[in-house]
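First the structure, in the form of structure tokens, and then the observations on it.
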Amino acid sequence: MKTFTYTSTPSRVVFGSGTVAEVGNEVHRLHRSRVLLLGGPRLTTVTTAISEALGPLIVARFDDATMHTPTEVTTRALALAEKHAVDCVVAVGGGSTTGLSKALAARAGYDQIIVPTTYAGSEVTPVLGETTDGVKTTRSGPEILPETVIYDVDLTVGLPTELTLTSAINAMAHAVEALYSPETNPVIDSMAQGAIAAITRALPIVMADPTNLDARADLLQSAWLAGQCLGADGMGLHHKLCHTLGGSFSLPHAPTHTVILPHAMAYNAAAAPEVMAKIADAMRVPDAAAGVYDLIAALGGPTSLAELGFTRENIDSATELAIAKPYPNPRPVTGEGITDLLTAAYEGRRPGGGAAVPAAGQPSRAPSSTTPPPR
Ligand code: NAD
């Protein structure tokens with residue numbers, strides 16, 4: 001029996017199809033009336049749906065939310081919010097838009113309603129990652145946690161398949177790291193295992209038919225569960241490495257998670273065998289790390305850092321940054337270990353070796369990265 005302490009985070013969640021129509025009521029429910037609407041690039045369709053639902057409640061709009069939440073973008077958005085005396089932020093989009101909303105709430109205390117359109121899960125965490133001068137740092141606090149989340153499955157149907165895949169693996173990464181966090185507990189464990197199983201089941205269906213609303217709903221619910229896991233437990237090696245690669249090497253967030261996850265799992269496997277067995281069980285595969293790699297490869301996702309523009313010459317400096325500050329992780333984090341991990345991830349090697357094994361019913365699509373580009 002495990003003794004534990006668990007503080008659940010108090011967000012209000014509205015989930016379903018067509019739920020975006022509720023956004024005005026949710027603003028009124030918070031006794032707010034002057035909305036700053038946050039959107040981002042490629043979000044015209046979903047932002048239009050929200051604008052129509054909010055109508056005259058919108059007093060200002062900012063469409064420049066940027067990945068990794070650069071503080072100079074936050075400064076510009078805050079100036080706009082103050083100029084228009086907003087009392088509430090409604091953010092529609094992925095983790096980048098949510099991150100900007102949280103950064104504004106952290107500075108000015110605005111109430112937040114988040115309408116997620118990816119599977120990043122940030123909307124239910126009290127965690128904010130921000131980038132200043134090329135270094136990404138995270139902080140956590142109750143003022144960062146959004147008041148209300150509106151999940152509308154319809155808004156995720158247009159999420160392109162490559163983003164669908166990498167974002168779903170981003171959610172899976174939250175669940176995986178929660179399972180071996182020292183802060184985990186049986187409630188979080190069951191959420192994490194449920195999210196991993198549902199993502200493994202639903203992702204191939206959505207990749208084959210992006211309009212399948214039931215499978216999309218499963219992914220969105222998994223993102224919610226996985227976000228809860230991330231919010232409740234701390235981050236380990238995988239998230240710290242991805243933050244380093246994103247903040248200091250400008251690698252895209254979800255694709256970086258997708259490439260690193262199997263390697264971070266392989267790194268920790270011998271130090272957390274029971275967790276890896278639970279993950280393998282949830283995925284119905286013999287080996288957890290290889291199983292995640294195979295799922296990604298079968299669906300045509302990125303499997304090497306080389307594909308994302310990272311160079312072999314970056315490995316040493318990324319290693320130094322990744323080991324600069326200690327953090328809890330099942331296996332001790334050493335420079336040599338991280339260099340090996342990053343080299344394997346750069347080359348796109350399958351954990352445990354061998355060729356990627358296609359999942360049942362999946363086409364065998366060899367990853368483009370098994371041959372690393374010339375140095
Ligand atoms: P993102 O928000 O940058 O979105 C990626 C791209 O997809 C963008 O161009 C966006 O406009 C587009 N997009 C989003 N939804 C779409 C849709 N439905 N249809 C078409 N295009 C769409 O990427 P992300 O991976 O969701 O979020 C990454 C950011 O979130 C990073 O900054 C990361 O640090 C942060 N994050 C934070 C937490 C946390 O708890 N603090 C958790 C996860 C991610």
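Each ligand, and each atom within it, is numbered from 1 in the order the structure gives. For clarity, every value in this text was computed on a predicted model and none was experimentally measured. In this chain, residues are counted from 1 in sequence order.
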- Which protein residues have a heavy atom under 4.0 Å from ligand 1?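 Lining ligand 1 at under 4.0 Å, by heavy atoms, one finds P41, R42, L43, M67, H68, G94, G95, S96, K102, T117, T118, A120, S122, T125, V127, K136, L155, G158, L159, P160, L163, H174, L230, H253, A254.
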
- Any ion pair linking D111 and R32 (charged N to carboxylate O, less than 4.0 Å)? yes

- Query: Is a salt bridge present between D189 and K278, judged by a nitrogen-to-oxygen distance below 4.0 Å?
  - Reply: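 Yes, D189 and K278 are salt-bridged.
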
- Could you point out which residue of T164, D209, T211 forms a side-chain hydrogen bond (donor to acceptor under 3.5 Å, both in side chains) with R216?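 With R216 as partner, side-chain hydrogen bond (donor to acceptor under 3.5 Å, both in side chains) holds for just one option, T164.
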
- Query: Just checking, R331 and Y267: is the charged tip under 6.0 Å from the six-membered ring centre and within 45° of the axis?
  - Reply: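 Yes, R331 and Y267 form such a contact.
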
- Query: Relative to the ring of H257, is the ring of H174 parallel (under 30°), tilted (30 to 60°) or perpendicular (over 60°)?
  - Reply: perpendicular

- Transitive ILVMFWY cluster of M235 at side-chain heavy atoms under 4.5 Å: who else is in it? V127, L230

